[in-house]
Amino acid sequence: MSSAAAGGGGGPAPDAGAAGAAAAAAAAAAAPDCCGGAAPDPIVQWVVLRRDLWTDIGWPLGPVIAQACHASTAAMVESLSDPLTQEYTAPANLDHMHKVVLEVKSEQQLVNLAAKLREAGLPHKLWVEQPENYPTCLATKPCRRSQGAALFKKLQLCKAPLGAAK
């Protein structure tokens, strides 16, 4: 929410001058953003890739990144009416998004994770690449870190070296 919307008056009074503008700027800077900053429980989106795509199957970097983009976009589109998705994608928050990119070893681990998330009630998109018809990536809808952190704590960050097959 902008400081003008929070104050209800459209900004500092005309006679407030520089002091009013400075106070409004300070209040806006101190306000927590949706996705981190001063917020104790930021909105995040988890994205989980299959490591075997680049280590065993030999996919190049571009197609692997495309899988993450597909899953992330689909998860957000499927949750557009959700208040947290709306906050996460609000124009004022676009420069403050948080994504956590993790990896699993195989297709089976990705499918198992999707089942675990379904059981826990955490909305997500399991991206199934076509025409191959196999799962490549999973992304959650944007949610509070506290809502999903425990479900992902055993996974490792995706740290594949660029340009390396293994």
Side-chain angles (χ1 to χ4, degrees), residues 1 28-166:
M1 179 181 300
D33 70 318
C34 82
C35 306
D41 192 13
I43 300 172
V44 300
Q45 183 179 40
W46 281 273
V47 179
V48 183
L49 287 160
R50 287 176 41 196
R51 183 174 48 215
D52 66 324
L53 292 177
W54 63 89
T55 59
D56 298 343
I57 302 172
W59 281 30
L61 178 62
V64 173
I65 291 173
Q67 301 308 298
C69 294
H70 293 324
S72 175
T73 302
M76 283 194 272
V77 169
E78 288 181 351
S79 65
L80 281 176
S81 64
D82 181 82
L84 287 176
T85 300
Q86 292 172 1
E87 186 177 347
Y88 187 77
T89 59
N93 294 325
L94 290 179
D95 292 335
H96 308 286
M97 292 179 161
H98 289 270
K99 287 189 173 41
V100 180
V101 181
L102 305 168
E103 63 181 42
V104 293
K105 294 178 182 177
S106 66
E107 179 179 341
Q108 188 59 55
Q109 285 187 335
L110 189 66
V111 170
N112 291 347
L113 177 61
K116 180 179 175 180
L117 296 179
R118 199 169 24 261
E119 289 171 17
L122 183 58
H124 62 280
K125 175 65 177 181
L126 177 62
W127 186 259
V128 179
E129 183 63 7
Q130 298 300 325
E132 295 86 356
N133 201 38
Y134 57 78
T136 57
C137 185
L138 175 152
T140 65
K141 79 163 196 70
C143 60
R144 294 284 173 198
R145 184 181 304 267
S146 63
Q147 184 184 358
L151 298 166
F152 297 99
K153 68 181 179 182
K154 293 184 179 180
L155 301 182
Q156 61 181 335
L157 289 173
C158 184
K159 294 183 181 180
L162 294 177
K166 291 192 180 199

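These numbers come from the heavy atoms of this one structure, side chains and all, not from hydrogens, waters or symmetry mates.
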Residues at least two apart in sequence or cross-chain that pass side-chain contact (heavy atoms from CB on, under 4.5 Å) with P123, listed by chain then number, are K141
Residue set satisfying side-chain contact (heavy atoms from CB on, under 4.5 Å) with Q109, at least two apart, ordered chain then number -> V104, K105, S106
Identify the heavy atoms of [X] and [Y] that sit nearest to each other, and give their distance.
X: L49; Y: C137; result: CD2-SG, 3.7 Å
X: P142; Y: L84; result: O-CB, 3.9 Å
X: M97; Y: L94; result: CE-CD2, 3.5 Å
X: V47; Y: K99; result: CG2-CD, 4.4 Å
X: A114; Y: L126; result: CB-CD2, 4.2 Å

message: Test side-chain contact (heavy atoms from CB on, under 4.5 Å) on L117 and L138; report intermediate values, then the result.
response: CA-CA 10 Å; L117 296 179; L138 175 152; 3.6 Å; yes
Note, F152 side chain near L102 side chain (heavy atom, < 4.5 Å): yes
Donor-acceptor pairs under 3.5 Å, side chain of residues 153-161 to any protein atom, not counting sequence neighbours: which ones?
unit_1, atom_1, unit_2, atom_2, d
Q156, NE2, E103, OE2, 3.2

The complete set of salt bridge (Lys or Arg N to Asp or Glu O under 4.0 Å) pairs with one or both residues in residues 106-120, sequence neighbours excluded, reads R50-E107
Taking only residues two or more places apart in sequence, or in another chain, which ones meet [X] in a side-chain hydrogen bond (donor to acceptor under 3.5 Å, both in side chains)?
X: Q130; value: N133
X: D95; value: none
X: Q67; value: W127, E129, T136
X: W46; value: none

Check whether any side-chain N or O of N93 sits under 3.5 Å from a backbone N or O of E87 as a donor-acceptor pair, and report yes or no.
yes
Return all side-chain donor-acceptor pairs below 3.5 angstrom for residues 68-80, not counting sequence neighbours, or 'none' if the list is empty.
unit_1, atom_1, unit_2, atom_2, d
S72, OG, Q45, OE1, 2.7
T73, OG1, C69, O, 2.9
S79, OG, A75, O, 2.9
S79, OG, M76, O, 3.4
S79, OG, T85, OG1, 2.8

Distance col, row Q147:CD vs I43:CD1, nearest 0.5 angstrom, shows 10.5 Å
Rounded to the nearest 0.5 angstrom, the CD1-CH2 distance for I65 and W54 is 10.0 Å
TODO: Start with the C-alpha gap between D82 and Y88, add the side-chain angles, then the distance that decides, and say whether side-chain contact (heavy atoms from CB on, under 4.5 Å) holds.
DONE: CA-CA 10 Å; D82 181 82; Y88 187 77; over 6 Å; no
